[in-house]
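One structure below.
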Amino acid sequence: MTDASFPIVLTTGRMLEHYHTGTMTRRSNGLNGLVPGRFVEVNGADAKQLRVKDGDRVKVTSRRGSIVLPAKVGSRVDTGVLFIPFHFWEAAANVLTNPASDPTAGIPEFKVCAVRLERAPESGLTAD
């Protein structure tokens, strides 16, 4: 659940251009040309409030960890929501989410969690 410390909902998922962790699709020059690397989608209104521009390095932090990646500012996600594709080991979105499993199906809860978004420090930090 979101709260004052983690006010944004993060959702993770797939992209059409890459499959699973990208072990095969990320070897394709054509697919990499379409989606060359990690990013977090941020709604334009949220980005403006945080003074984040398209391409800026941002830090996404949950109760379990942090990752740093470029922002992709636009309107594909709602305000108060971020999206990170999980195909990129360089910004392992599942570090942020909950590995607990559903007791019936045994499926991990990798899809949604509460986070905060901030401009990244200028260091070479890529993950906590």
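Quantities reported herein were computed from a predicted structural model and do not represent experimental measurements.
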Minimal heavy-atom distance between N43 and S75, with the atoms involved, is ND2-CA, 4.4 Å

From T12 atom OG1 to L96 atom CG, the distance as rounded to the nearest 0.5 Å
9.0 Å

Applying the side-chain contact (heavy atoms from CB on, under 4.5 Å) test to V40, which of V73, L69, V68 qualifies?
L69

Residues passing the side-chain contact (heavy atoms from CB on, under 4.5 Å) test with D78, sequence neighbours excluded, are V81

Please enumerate all residues that pass salt bridge (Lys or Arg N to Asp or Glu O under 4.0 Å) together with D54, with sequence neighbours excluded.
none

Check: T79 main-chain N/O paired with D46 side-chain donor or acceptor under 3.5 Å:
no

Side-chain contact test, heavy atoms from C-beta onward, threshold under 4.5 Å: evaluate it for I84 versus I67 and give yes or no.
yes

What are the two closest non-hydrogen atoms of P85 and A93, and how far apart are they?
O-CB, 4.4 Å

Kindly indicate whether the side chain of V52, heavy atoms from C-beta on, has any atom under 4.5 Å from the side chain of R119.
yes

L117 meets the side-chain contact (heavy atoms from CB on, under 4.5 Å) criterion, sequence neighbours left out, with I8, V42, L50, V58, V60, L82

Between the main-chain N or O of P70 and the side-chain N or O of R57, is there a donor-acceptor pair closer than 3.5 Å?
no

Among all residues two or more places apart in sequence or in another chain, which pass the side-chain hydrogen bond (donor to acceptor under 3.5 Å, both in side chains) test with R63?
D3

State which residues pass salt bridge (Lys or Arg N to Asp or Glu O under 4.0 Å) with R76; sequence neighbours excluded, sorted by chain then number.
E41

Closest heavy-atom pair and its distance - P7, R116
CD-CB, 4.0 Å

If you draw a 6.0 Å radius around CD in Q49, do more than 12 non-hydrogen atoms from other residues or ligands fall strictly inside?
no

